[in-house]
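Single-structure report; data block below.
Note that the coordinates shown come from a computational prediction; the quantities given were computed from them, not determined experimentally. Order of the sequence lines fixes the chain letters, A, B, ..., with proteins taken first and strands second; residue numbering starts at 1 for each chain.
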Amino acid sequence: MRVILADDAVLFREGLARVLQESGFDVVGQVGSATELLDRISTQRADVAILDVRMPPTHTAEGLEAAVRLRAEAPDVGVLLLSQYVETQHVMRLIEKGARGVGYLLKDRVSDLGAFRSAVRMVGEGGSVIDPEVVAQLVTRARSRHPLAELTERERAVLAMMAEGRSNFAIGDRLGLGQKTVEAHVRSIFSKLELDLAPDDNRRVLAVLAYLRS
Amino acid sequence: MRLAESLVAIAPARTGRRLRVRHLGWALAGLASSVVVASRLLIALDPFTLLFHPGPPGWLWVTGEAVAPVFGVVTISLLGAVVVTRHPENLLGWAFLGTALVAALTLFCQEYAVYGLVTAPGLLPAATVAAWAQIWLYYALLLGLTLGLLLFPDGRLPNRLSRAVAVVAIVATCFALLDSLGNTQLLGTTIREESYQLPATMPVALWGIGSAFAWWTGIPVFWCQVLLLPLASLCLTLRLRRAQDEQRHQLTWVAFAGAIAAAGWLVSYADEVPHVLFKTPLMEVVDSWGDLVWTFGIMIAVPVAAGFAVLRYRLYEIDQVINRTLLVGGLAVFVAGVYATVVVGVGSAVHSSFGPALGLVAASIAAVGFAPVRARLQSLANRLVYGPRATPYEVLADFAERLGTASADDEMLGLMARLLGEGMGLERAEVWLRVGRELRLAASWPPEPDGAVTLALSQEELLPTALGSGRVVMVREHGDLLGALRVVKGGGDRLDPHEYRLLEDLARQAALVLRTKRLIEELRASRQRIVGSHDEVRRRLERDLHDGAQRSLVSASLALGIMDGQLSDGSVDGARQSLEAAADQLRRGLAELRDLARGIHPAILVESGLPAAIESLALRMPIQVDLTVTIDRRLARAVEISAYYFVAEALTNAVKHARASVVRVAARQSDHTLVIEVSDDGVGGADVTGGSGLRGLEDRLSAVGGRLAMESPPLGGTRLVAELPCA
């Protein structure tokens, strides 16, 4: 799987490249800014672009803007956005046009190498990865008389994982539940929240996030 | 300054001639004065020839008869002498002297004739000749008075109208003299309040010649004589309108007095109008009042006015005096008119038994009409005297009142500009406000859409010209410049001294408003800066955390993640490398956090006080810092913090902007003040208005009642001095 890295913190970028290479990824490029990334993508075929939200020259949200452009111009390139802090707005911008091949993670997550590797792979294969922190913020947001209150604890855990972009299989694996049980939970959640049961995981993420945000 | 000095001096005469002229002037003045006094002595010998008449009270008659002529002649002759001795070339002086002398001689001849022909017939020689002479002299006197008014104040006939009036006056006087020879009637006195008949006629032999002239010139000459004085007075008034500054003040008084005298003169001729309406007893009363006004006007008011103009023209509130006179005079005319119309007019048409009732009606009409007529007259008088504007006194009073009640918000200055513009009848009025180091156009009249016009306050003395044309008055308080008022009069006129004084008075009133307004503006600006700097500080903190400590920690955690994998793989060497990398990143992160914490608040300042904190600052500077700190006690926390940041910012500037190699920090503290001086040997040229942190420092210092002073000549190093009050 071909990966391009974009981050102005060189030390971190090099470390990341090493980790990915050791895990069998093909790091085809390392750049220090969003414009360089866009330039590189136009000439260099890649499956995933991993980029920092904040980069030169303005150190605001160039990474996000580049990711949005990348989604529009090269929809088959997965985009994994890394940030030192979680901002729901960023996620929503990112998945506006669909959650296929989109990831948004806190930078800290890289220390869990296994999880990080699978996240990169997932995004590269067209899946969605949303940081649990984002989902937690959305789920725990205090709202009066919200249907979320009707969900059981287990159902809420399943919902959070759906929002993170996990498949039924991954959820069952994580929570130690059988496939059928997970499917039952999902159906129950969707009916309680009055959502249409979406056929694939990516659209399910969109639906859940859109719901949580509303 | 005297009029004599402001008069046009053409060429100084030779001293000898000048001396003779001076003697001549004073001699003539003495002669005229003696002659007029002698004439009054003649009256005193037999006061019974004075006739009392209905109308004005007796004492007024006596004053008019005995005192006024002496006063007038003496005053005019002295004035003439003054002008003649200083500026012999000025015709006015001679006209004054000549007029005074002629007046004295007329009076003397008149009384000589009365005494020689009536009181003690045959006692005095040539009494009949005196009777003729007083007639002829009287015509000369009228000519002198006319010319005197025309020549005032610089002895020139300035325009075509006045030259024409002068020529007509001379010609008419010549004909009047000739015509008088044809008078076959008994002669009368000329200057007494009421003409007194003398048992004498013009020489019979000359009757033929005189009446030959009088036949075709008599009536035109009569009317010329009636109208010439009022015309001369009118000329004076017309010139007054065009006059400026000092001359205006000289003219105002004389024109005013001349107008009064001329009005009396005209009224005194009312009984000469050949119409039945003018032959009533009421008219006789009016006529004698007119005579009296004329006498007092020409004998007292005009000489006094001329004297004031000559000796001291800076007279206050003359405008107001005229204004009041117009008002009161107008009201008197109104009441008299109502009374005359109702009582005399209607009364003669209806039965006489209605008499008392008609008086009541007249009184009622006058009473009801009084207030509205008064208001009308007041506005008319205002318009005549001040033009289309309020009186300066009203402006000032209105201004003070409105400023007292209104708050010092944005409209305040607009109101001020409007009051100024409308009150003084200006084409444009501007109020400039000083905020910080600039002068800002805060309001104007007529109002203009906001185009932020500002002027940097570099050189204060240049400001009046920098603001533009018109008159500029700087508004100060205890020498502190608060702002400026700029006024432009229509038609490029300059302000006369009177208006300028009003402007200065207004400026004093404006000081209060401007100061309040400026404080508000400065407070607002300072608050904005404080909020802004607060935001800036937070932004910088976030940046520092994000790019510093946070990044180091992320790297450290990545290294630990890698180490985890390496340990699983059994690669001990790799794991050790990763461990070192993680530890390195953690150390770096900690150092960054430490710096940041110190930036947020210097812990050492709280722990050990200002001297230690300054020393710690100095130690961390990459350049040489010489310290002289004599502070022997802890100060208020706010003072210590402000002082610390002052030193920190000054040192940072010295390193970053001034590129200095040595910085000297001197801090000393007395009972009430902490003074800190930071000077460097850098490039200088620092500017508070620039983007440096100096503005923020200034705000911080002023927040604790301190001050910041800076000297930073280009290439001359920078010296910053902070003064903070400390209890």
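Pairing each heavy atom of A/Ser111 with each of B/Ser557, the nearest pair is CB-O, 3.1 Å. Contact detail for B/Leu558 and A/Phe12: the closest heavy-atom pair is CD2-O, 3.6 Å.
Heavy-atom distances place both the backbone and the side chain of A/Val110 under 4.5 Å from chain B. Of the two parts of A/Leu106, neither the backbone nor the side chain holds a non-hydrogen atom closer than 4.5 Å to a non-hydrogen atom of chain B. Looking at A/Asp112, there are no atoms closer than 4.5 Å to chain B (heavy atoms on both sides), in backbone or side chain. At a 4.5 Å heavy-atom cutoff, the contact between B/Ile562 and chain A is made by backbone and side-chain atoms alike. Neither the backbone nor the side chain of A/Arg109 comes within less than 4.5 Å of any heavy atom of chain B.
Taking NE2 of A/His59 as the reference point, atom CZ of B/Arg539 lies at 10.5 Å (rounded to 0.5 Å). Rounding to the nearest 0.5 Å places OH of A/Tyr85 at 12.5 Å from CG of B/Leu545. To the nearest 0.5 angstrom, A/Glu14 atom CD is 11.0 Å from B/Ser555 atom OG.
In this structure, A/Arg69 places its CZ atom where only 12 or fewer heavy-atom neighbours from other residues, nucleotides or ligands lie under 6.0 Å away. Other residues, nucleotides and ligands contribute at most 12 non-hydrogen atoms within 6.0 Å of the CZ atom of B/Arg588.
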Please determine whether side-chain contact (heavy atoms from CB on, under 4.5 Å) holds for the pair A/Leu113 and B/Asp564, giving the CA-CA distance in whole Å, both sets of side-chain angles, and the decisive distance to 0.1 Å. CA-CA 9 Å; A/Leu113 290 181; B/Asp564 186 34; 5.8 Å; no

Report the C-alpha separation of B/Arg551 and A/Asp8 in whole Å, then their side-chain angles, then the decisive distance to 0.1 Å, and conclude whether the side-chain contact (heavy atoms from CB on, under 4.5 Å) test is met. CA-CA 11 Å; B/Arg551 189 178 274 180; A/Asp8 59 317; 3.2 Å; yes

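Two residues are said to be in side-chain contact when any heavy atoms from C-beta on lie closer than 4.5 Å; B/Leu553 and A/Gln84 fail this criterion.
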